[in-house]
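A quick write-up on the structure given underneath.
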Amino acid sequence: METRSPIDYEEKWIKRWKEAKIFEADPDPSKPKYFICVPYSYQNGPLHLGHGFTYTRGDAYARFKRMQGYNVLFPWAWHWTGEAVAGTSERLKRGDESIRRMLIEIDGVPEELLEKFTDPVFVTKYYTEENKVVVDAMGFSVDWRREFYTTDLHPYYSRFIQWQFITLKNRGYVAIGKHPVVWCPNCKSATGDHDRLIGEGVSPEEYVLVLFKFNDAYLAAATLRPETVFGVTNIWINPNHEYALAEVDGKKYIVSKRAAEKLREQKNVKILGSVKPEDLIGKYAEAPLIGKPVPILPADLVDPNFGTGVVYSVPAHAPYDYAGVIALRSNEERLRRYGLKEIVEKIKPISIIRVPGYGDYPAVEEVERLGIKTDTDSRLEEATKTIYSKEFHEGIMKENCGEYSGKSVNEARDLVKAKLIELGLGDIMWELPEKVVCRCGTENVVKIVENQWFLRYSDPEWKEKVRKHLMKMEIYPEEARQWFLNVVDWLRDWACTRKTGLGTRLPWDPEWIVETLSDSTLYPALYTISKYPNLNLIKPDQLTLDVLNYVFLGLGNVEEVAKKVGVDVDLLKKMREEFLYWYPVDMRISAKELVPNHLTFYIFNHVAIFEERHWPRGVGVNGMVNIEGEKMSKSRGNFIPLKKAIMKYGADVTRATLLLAAEDLDDPDWRERNAIEIKNMINQLLRIVREVASAELVEENAVDSWLMSRLQRRIENITEWMENLKTRKAFHDALYGLYNDWRWYIRRTGGSISKIGREFIETWIKLLAPFIPFTAEEAWSILGKSGFVSVEKWPAPRGELINPEAELAEELIMRLMEDIRSIINVIKEKPKKVYIYVASDWKRGLLERTLNLLKEGRSREIGELIKWIISNKPELKKIAANLAKLMIENISSLIQNYRFEDLMAAAERELDIYKSASEFLTSELGIEFEVHSEDEEGLYDPKKKASSALPLRPGIYAE
RNA sequence: GCGGGGGUAGCCAAGUCUGGUCAAAGGCGCAGGGCUUAGGACCCUGUCCCGUAGGGGUUCGUGGGUUCAAAUCCCACCCCCCGCACCA
């Protein structure tokens with residue numbers, strides 16, 4: 001399906017830009033370079049408004065830098081690596097109706113192609129073609145000669161990835177090990193979040209198995225709180241469940257049957273037999289570390305399907321356990337059947353943790369407070385959470401905890417765990433805190449994957465290098481820096497390989513494929529040379545390790561390398577030079593969801609592989625697009641592909657609507673209303689341009705100076721905001737700020753336009769070019785300009801055109817208009833005539849005094865002004881206080897933008913300013929005006945308004 | 001739980017770092033007027049409450065505090081959004 005904008009000129013400019021090759025960038029030593037990129041997107045669907053937002057920001061910045069005179073490289077590529085597309089194909093093959101519908105209705109895939117979607121490679125190809133059209137349609141200023149996609153389906157991408165991984169491995173950044181994953185025993189694969197029927201977001205948790213010696217075996221109790229073993233009073237088992245006796249890594253465990261099965265995926269397990277609950281209940285097992293025999297008791301709270309089905313009981317600190325004791329005590333039948341009465345009576349909670357806000361037995365307190373009587377009461381969950389968290393954060397181990405006494409619970413937990421394992425009395429079991437069910441309907445377990453390859457992001461030295469570099473990087477907005485630093489602290493080793501999906505084979509262990517977030521960390525470097533193989537200057541298989549080592553790291557003897565692979569030495573040298581010219585990346589722009597993964601990995605990998613001078617310089621992050629205030633998602637039905645937005649509103653409207661919606665970490669909200677409004681605005685802009693293009697230019701006047709002055713200030717602000725990636729502010733001011741200036745100008749000139757007015761419009765178009773490039777080009781050509789505004793020079797503010805006097809004069813006129821309106825509003829009838837009284841000359845002394853007072857921060861010393869007024873004009877005694885107060889209020893709002901001299905000068909010219917504006921005021925308000933000075937002889941002033949006149953605030957009388 | 005961001009007028013959204021210029025930009029919506037054959041677009045005005053003179057009153061999640069002065073600084077609390085590893 002074609003992507004066609006309703007705006008006729010958009011297509012035209014895409015074509016012209018392409019023909020003129022203005023976005024193709026080659027090294028040019030005479031120009032400063034700027035390398036900006038955005039993360040490539042996974043090709044499992046159409047680009048949507050979320051991509052559109054990040055990419056438009058990137059493009060606007062690229063265009064801005066280009067206009068500033070930088071040699072800008074803005075390349076593009078496509079991510080094919082991953083498992084999701086394979087999943088889609090698989091579901092389609094199985095005849096999944098929902099995926100069919102989604103592809104047709106939401107992604108807009110033609111029905112006849114659906115058959116081919118059972119092939120993942122076809123899917124990625126299809127979307128790459130579709131999306132490339134969209135990227136052009138959006139007006140992104142891409143150098144397409146450098147395009148590529150990932151995986152070993154591409155002629156050379158995998159060579160790059162293999163080089164990267166071999167380099168990482170050689171430098172010790174790759175490790176092999178075990179790794180827990182959520183596992184579907186039926187599908188025999190890891191179950192990602194999106195492949196789940198139940199249990200989204202659930203990940204494996206590490207439980208400690210505390211081993212209680214029982215004959216020649218161990219009762220293995222699973223716990224998150226091994227430190228509480230000092231408070232154990234008994235063991236709970238489920239009286240209705242037959243347990244398994246199993247050999248686990250050479251040791252005999254008694255656990256529930258389900259647990260034995262689960263452990264099979266994690267350890268070496270041999271099931272030896274079963275154990276009846278009656279064989280355990282009433283007997284004793286020995287608690288580790290304290291060597292105390294504790295009785296084994298029955299409880300309904302024990303779920304054989306969770307953990308090991310064996311629980312050790314700490315009634316002082318675990319509400320469930322205390323409730324279990326209560327429940328058992330009152331269960332006469334059970335006590336009799338197992339002969340437990342005496343044992344149970346002796347059980348007393350043992351306090352081992354001191355925690356503020358509770359006495360010795362927090363669990364007892366909570367259970368009694370809530371009046372809980374059974375061990376299956378649902379309120380126990382809440383009580384457990386409360387105590388767990390409180391004790392973890394504030395709890396201290398008491399004197400009865402051996403070497404752990406006095407330590408925080410937090411600390412003791414890890415120490416006890418380590419000790420138990422060291423003594424062979426503890427073990428690890430991974431378990432899912434909640435039920436997870438695979439799409440296939442099978443309940444999942446945790447599997448330990450063996451021989452998993454990792455990137456060693458936990459390496460303290462590596463982290464430290466990254467942290468240090470982060471402190472030097474430009475990060476926009478600044479708040480994101482701390483976030484990055486936290487991520488670095490938190491980061492663990494990353495399982496970097498998978499068994500399924502598309503990607504690049506791990507060079508030294510080809511049964512593994514480099515996973516998607518690990519093969520996308522270094523590729524900006526590839527952009528610097530990808531045009532060579534793309535233009536057939538070097539063959540993909542000539543990009544050997546030696547060649548890449550030379551090009552990216554400067555290693556080896558270039559003559560020898562060239563000879564070995566059979567390419568021209570100069571070509572290799574040129575590639576090396578091109579890499580050195582462009583690298584490092586100056587700016588990478590992305591959505592904030594990539595901070596905790598991709599962007600951080602990107603920095604880690606650069607730091608690991610390249611020389612320091614090639615580490616990333618800047619990162620900009622932004623929020624994630626909402627639609628009409630709601631999160632965008634296919635399942636909500638509010639998913640908007642970029643293509644759809646373009647076809648409805650055009651690219652510039654789409655770009656503008658997104659850019660105006662938010663900046664920094666705020667999430668932009670796409671609102672249809674805004675898009676419509678912006679469409680009108682853009683039409684209006686072109687209307688103005690056409691009008692100006694054909695206008696007969698008149699002589700300049702004072703308002704022209706005002707207009708130019710405003711323009712300089714706007715340029716200054718817009719430029720500074722852009723430098724800091726404040727795209728919303730910058731564009732908002734470029735669009736609406738300048739528009740409002742223009743409207744005022746037209747009002748003041750009565751619609752006539754001077755040479756200056758035209759110059760303003762030309763500059764305005766340049767300032768808009770990074771944001772709405774199509775409209776800007778169209779406007780540029782309407783103005784009769786040749787060439788592209790896209791490569792025009794970005795306007796620089798001209799200090800000599802800043803004219804505070806002209807600005808102040810206009811501001812005074814605006815204020816006067818407001819005051820008159822305000823009066824009319826209150827008296828509720830339109831006056832026949834309005835008299836303006838400019839303050840008497842002597843009052844300028846008052847202005848001077850007021851300015852001094854404010855300058856010195858003594859705005860409260862109003863008494864000084866009052867005294868001064870009275871000493872000059874005793875007859876004003878009554879209103880002196882009022883005048884002084886008004887004076888301060890009026891001036892304090894001006895003093896921020898204008899200097900002392902400007903204000904004094906304006907006060908001297910005030911009469912002229914109002915007189916020359918009186919015609920304008922009449923046309924605006926439809927009222928006759930007379931402007932007088934308070935000093936005039938025989939002044940017409942029936943309501944004595946003239947005496948209330950102050951410098952820069954005339955008196956007004958309406959009749 | 002841990003980490004990050006945020007709560008401003010009917011809605012969206014600036015302002016918060018650097019307290020006074022803040023009844024608080026801009027846009028939308030709404031109301032009135034203009035233009036127009038009409039609609040749309042466009043232009044002007046108004047849009048917290050009160051007010052027959054440019055003024056006054058009460059607001060910026062909640063509750064305290066600092067200060068001559070707080071949307072802005074400090075403390076506590078409530079609520080919302082995002083990320084947390086095999087989805088990219």
Side-chain angles (χ1 to χ4, degrees), chain A residues 39 41-42 44 79 81-85 87 179-182 189-195 201 203 385 388-389 392-393 449 452 457 477-480 482-484 486-487 489-498 501 515-517 520 591-598 623-624 626 629 631 660-662 664-667 669 671 673-674 676-678 680-681 683-684 687 728-729 732-733 735-737 739-740 743 746-747 815-816 818-829 831 854 857 859-860 886 889-897 924-925 943 945 948 953-958:
Chain A
S41 66
Y42 185 51
N44 68 333
H79 208 190
T81 308
E83 300 166 290
V85 171
H179 185 58
V181 296
V182 179
S189 70
T191 312
D193 248 6
H194 301 292
D195 293 324
S203 50
K385 270 192 191 153
Y388 180 103
S389 148
F392 177 73
H393 293 287
V449 178
Q452 168 69 57
Y457 293 140
E478 184 55 39
E479 301 96 88
Q482 190 53 47
W483 189 1
F484 274 110
N486 290 336
V487 170
D489 284 342
W490 267 89
L491 211 58
R492 308 199 291 266
D493 286 349
W494 182 264
C496 63
T497 53
R498 296 283 182 280
E515 66 79 50
T516 178
L517 280 171
S520 55
K592 63 185 176 184
E593 59 174 347
L594 299 188
V595 170
N597 44 65
H598 166 73
M624 308 190 22
N626 287 330
K631 194 181 160 142
L660 289 173
D664 296 347
L665 295 178
D666 293 338
D667 295 328
D669 191 4
R671 296 203 177 240
R673 271 232 164 286
N674 293 352
I676 293 167
E677 187 276 320
I678 287 159
N680 287 337
M681 182 63 205
N683 285 335
Q684 174 66 359
R687 213 173 300 142
R728 196 199 97 93
K729 266 195 197 70
H732 191 272
D733 208 48
L735 189 62
Y736 294 111
Y739 178 53
N740 286 334
R743 272 198 302 197
I746 289 299
R747 261 169 97 178
R815 283 173 171 232
L816 177 59
E818 259 168 51
D819 279 349
I820 295 166
R821 280 220 170 88
S822 167
I823 290 167
I824 293 172
N825 194 28
V826 174
I827 63 177
K828 291 197 173 75
E829 64 181 286
L854 290 174
S859 58
R860 280 183 299 139
L886 273 175
E889 275 175 11
N890 194 50
I891 297 309
S892 59
S893 64
L894 288 169
I895 203 161
Q896 208 69 13
N897 294 321
E924 282 284 318
L925 299 165
K943 285 231 171 143
K945 294 290 178 187
S948 71
R953 188 186 188 271
I956 299 165
Y957 168 61

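Quick note on labels: first sequence line is chain A, next is B, and so on, each numbered from 1. Since the model is a prediction, treat every value here as computed from it, not as a measurement.
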Whole-angstrom distance between B:rG33 and B:rG40, as gauged at atom P: 14 Å
Value in whole Å for how far the C1' atom of B:rG5 lies from CG of A:Asn626: 13 Å
Nucleotide of B:rG4, B:rG29, B:rA25 approaching A:His732 most closely (side-chain heavy atoms): B:rA25
ring-ring contact (aromatic ring centres under 6.0 Å, His included) partners of A:Trp483, counting only residues at least two apart: none
side-chain contact (heavy atoms from CB on, under 4.5 Å) involving A:Asn890 - partner list, sequence neighbours excluded: A:Arg815, A:Leu952, A:Arg953
For A:Ala662, side-chain contact (heavy atoms from CB on, under 4.5 Å) partners two or more places apart: A:Asp666, A:Pro668
Residues in side-chain contact (heavy atoms from CB on, under 4.5 Å) contact with A:Glu924, at least two apart in sequence or another chain: A:Arg747, A:Met817, A:Arg821, A:Phe920
By salt bridge (Lys or Arg N to Asp or Glu O under 4.0 Å) - contacts of A:Glu478 (at least two apart): A:Arg481
Base versus backbone protein contacts along nucleotides 31-44 of chain B [heavy-atom cut-off under 4.0 Å; B, S, -]: ----------SSSS
A:Asn597: partners by side chain to side chain donor-acceptor pair (under 3.5 Å), with sequence neighbours left out: none
Counterpart base for B:rC2, defined by Watson-Crick or G-U wobble contacts under 3.5 Å: B:rG83
Any residue meeting ring-ring contact (aromatic ring centres under 6.0 Å, His included) with A:Tyr739, in chain and number order, not counting sequence neighbours: none
Counterpart residues, side-chain contact (heavy atoms from CB on, under 4.5 Å), relative to A:Glu515 (two or more places apart): A:Trp494, A:Arg498, A:Leu517, A:Ser518
Per-nucleotide protein contact string for nucleotides 6-18 of chain B, where B marks a base within reach and S marks sugar-phosphate only (heavy atoms under 4.0 Å, - for neither): S-----SSSS---
Touch class at under 4.0 angstrom, heavy-atom based, for A:Ser41 against every strand present: nothing
Base-contact (B) and sugar-phosphate-only (S) positions in nucleotides 49-56 of chain B, heavy-atom cut-off under 4.0 Å, - elsewhere: --BSBBSS
A:Gln684 side, atom CD; A:Leu735 side, atom CG - distance, nearest 0.5 Å: 10.5 Å
Sugar-phosphate only, base, or nothing, as touched by A:His598 at under 4.0 Å among non-hydrogen atoms: nothing
Listed partners of A:Phe392 passing ring-ring contact (aromatic ring centres under 6.0 Å, His included), at least two apart: none
Sugar-phosphate, base or nothing in reach of A:Ala495, heavy atoms under 4.0 Å: base
Atom-pair distance (CG on A:Asn597; P on B:rA88), nearest Å: 11 Å
C1' gap between B:rC28 and B:rA14, integer Å: 15 Å
